[in-house]
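Below is one structure, written out as structure tokens, with a few remarks after it.
All chains are named by letter (A, B, ...) in the order of the sequence lines, taking the proteins before the strands, and each is independently numbered beginning at 1. What you see below is based on every heavy atom in this structure, not just the backbone, and it leaves out hydrogens, waters and symmetry mates.
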Number of protein chains: 2
Amino acid sequence: MTKSPSQPDTPTVATGTRERVLDVSARIFRSRGYADTTMNHIAKAAGIKSASIYYYFKSKDEIVEEVLNLGTQRMFKAVRQNIDNLAPGVSFRDKLTVALRTHFTLLHTQGDYTAANIRLFPEAPPPVVKRHMCVRRSYGLYWQAMLKEGQAEGAIADTLDVEIVQLLLLGTLNWSVQWYKPKLYDLNEVAASGISLLLDGLIQADEISGNPVSQDAKDA
Amino acid sequence: MTKSPSQPDTPTVATGTRERVLDVSARIFRSRGYADTTMNHIAKAAGIKSASIYYYFKSKDEIVEEVLNLGTQRMFKAVRQNIDNLAPGVSFRDKLTVALRTHFTLLHTQGDYTAANIRLFPEAPPPVVKRHMCVRRSYGLYWQAMLKEGQAEGAIADTLDVEIVQLLLLGTLNWSVQWYKPKLYDLNEVAASGISLLLDGLIQADEISGNPVSQDAKDA
DNA sequence: GTCTATATACTGATAGAC
DNA sequence: GTCTATCAGTATATAGAC
């Protein structure tokens, strides 16, 4: 909301001090969490003194809130963009695959805001989280709407509670920030495994039907 | 490891002060997390003064470590017990269902240690987590061994990396501590949805085969 | 065993010089 | 805009009386 003057919309590279503070905050929050990140940590990483931060932000929680909101917003924007770019007649399955892959990939590449968002969400003070909830709810409702489309098409079971499914789906991906290490696992392999698990399940369909279970989601 | 004298193994009900401190610690850590839980919070809930805690524990981190270990150990014990009690010829699918359901249920019932464990894991100081890792690794390896059995039986794909699958499976369940509220969702419905999602996938098998997708895991 | 009192350190935040 | 200096609050942990 607060924006330094004469800045274009959503600057990709941090130029001013305020953006630099936000960027390093996201990076440090991502690895140290909320409570263990001090204004001094942020200041040092930004190359200023901690008192100077208060020229741009009223409090530590104001920084947290902005990092939280930016994380969700960037995630939302990327997912919607990739979905909107799909061909009109694309199957629900492919649509969901793209959404899941985008969410997962953004969690582990392209900046620290999305990963910091996942970590900060349970750790941040309740008032901050409460204010952030409206942004997060929009994103969740977007997924639920997509799932309802899938139900209408008959691609997924009518009886499912789309809210629970949404929480389970994104939960599987979100939890990966706790264990995924770029040097230890291959991002594409993990993404493919996760998407395959969520779309087709772990158990092989050992019926006569040649259903290609656990053998999909290998595009991109 | 440290145990007050003349105590039987794994006391179910906390009698002594030490056990009471541990129990309230687990409860408070579960809801407030690591950093926001103070020795004073614990002391007050245990009905003593904060200085008295140091008669039983050298430091806050010693409490955290014990809560962390107990959480994983209880989870491990419950899952193994339920698996061992199964009939010899039971299918891999049923086995996995029982394991998943046990893990999920224990996360949300029967004490705060298991839920606190999930929350503390990313928040606790690295040295504490590092010491806890051997316990956690045993539990992960137990799951991976189970998955390998499934591969040997042909129940799940041979090509899957069992470590990644294990992390994805438990991640789906673990993440639920962030959103599951007993008053808002039904535990059995969420468990059934989660297990169905993980075993059979979200997408309907719209082949001719009468494969009962998303229609299982409703025992227990 | 549990207490009171306190040491020590560090936190988020403010005041005001430059 | 960024600094130095500092306040007030609170944290973990210790010392020692009872």
Side-chain angles (χ1 to χ4, degrees), chain A residues 2-7 11 14-26 28-29 31-68 116 120 123-129 131, chain B residues 2-7 11 14-26 28-29 31-68 116 120 123-129 131:
Chain A
T2 317
K3 194 170 55 175
S4 57
S6 70
Q7 275 289 344
T15 48
T17 304
R18 189 177 192 280
E19 281 73 24
R20 202 170 64 252
V21 168
L22 268 182
D23 284 351
V24 302
S25 295
I28 302 174
F29 278 130
S31 62
R32 305 189 70 122
Y34 171 77
D36 199 38
T37 298
T38 71
M39 298 302 269
N40 245 321
H41 293 141
I42 298 172
K44 234 166 222 171
I48 55 176
K49 299 294 177 181
S50 68
S52 307
I53 298 178
Y54 292 89
Y55 177 78
Y56 300 99
F57 301 93
K58 273 196 330 199
S59 66
K60 177 184 178 181
D61 286 357
E62 200 174 287
I63 304 181
V64 173
E65 193 173 337
E66 193 153 339
V67 170
L68 226 29
L120 286 175
E123 298 185 27
V128 175
V129 177
R131 285 193 295 274
Chain B
T2 317
K3 193 169 54 174
S4 57
S6 69
Q7 275 288 345
T15 49
T17 304
R18 189 176 192 281
E19 280 73 24
R20 202 170 63 254
V21 168
L22 268 182
D23 283 352
V24 301
S25 294
I28 303 173
F29 278 131
S31 63
R32 306 188 70 122
Y34 170 77
D36 201 36
T37 297
T38 71
M39 299 301 269
N40 245 322
H41 293 143
I42 297 172
K44 236 169 220 167
I48 56 177
K49 299 295 177 179
S50 68
S52 307
I53 298 178
Y54 292 89
Y55 177 77
Y56 300 99
F57 300 93
K58 272 195 331 196
S59 67
K60 178 183 178 180
D61 286 357
E62 199 174 289
I63 303 180
V64 173
E65 193 174 336
E66 192 153 342
V67 170
L68 226 30
L120 286 175
E123 297 185 25
V128 175
V129 177
R131 283 192 297 272

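Heavy-atom distances to DNA chain D give each of B:K58 and A:S50 a nearest nucleotide, and the one nearer the 5′ end belongs to A:S50. Nearest-nucleotide assignment on DNA chain D puts the 5′-proximal partner with A:Y55, out of A:A51 and A:Y55.
The interatomic distance linking B:I42 (CD1) with D:dA11 (C1') rounds to 12 Å, in whole Å. Distance, A:H41 NE2 to C:dG12 C1': 13 Å, rounded to whole Å. In this structure, A:Y54 atom OH and C:dG16 atom P are separated by 18 Å, rounded to whole Å. Between the CZ atom of B:F57 and the P atom of C:dG1 there is a distance of 14 Å, rounded to whole Å. Whole-Å rounding puts the B:N40 CG to D:dA13 P distance at 13 Å. Here the P atom of nucleotide D:dT6 and the NZ atom of A:K49 are 16 Å apart, to the nearest Å. Remark: C1' of C:dG1 and CZ of B:R20 are 11 Å apart, rounded to the nearest angstrom. Rounded to whole Å, atom P of C:dC3 lies 6 Å from atom CD1 of B:I48.
Of the listed nucleotides (C:dT11, C:dA13, C:dC3), C:dT11 has the atom at the smallest distance from the side chain of A:T38. With C:dA13, D:dA13, C:dC3 as the candidates, the nucleotide lying closest to the side chain of A:M39 is C:dA13.
Side-chain nitrogen and oxygen atoms of A:S52 include none within less than 4.0 Å of the OP1 or OP2 phosphate oxygen of D:dG1. Residue A:K60 has a polar side-chain atom (N or O) positioned under 4.0 Å from OP1 or OP2 of C:dG12. OP1 or OP2 of D:dT2 has at least one side-chain nitrogen or oxygen of A:Y56 nearer than 4.0 Å.
Taking the centre and axis of the six-membered ring of B:Y34, the NZ or CZ atom of B:K60 falls inside the cone set by 45° and 6.0 Å.
Under a 3.5 Å cut-off, the side chain of B:R20 and the backbone N or O of B:A46 do form a donor-acceptor pair.
Under a 4.0 Å N-O distance rule, the pair A:E66/A:R18 qualifies as a salt bridge.
Looking at A:V24 and A:H41, their side chains never come closer than 4.5 Å, going by heavy atoms from C-beta outward. Taking the side chain as every heavy atom from C-beta outward, B:R131 and B:L68 never approach each other to under 4.5 Å.
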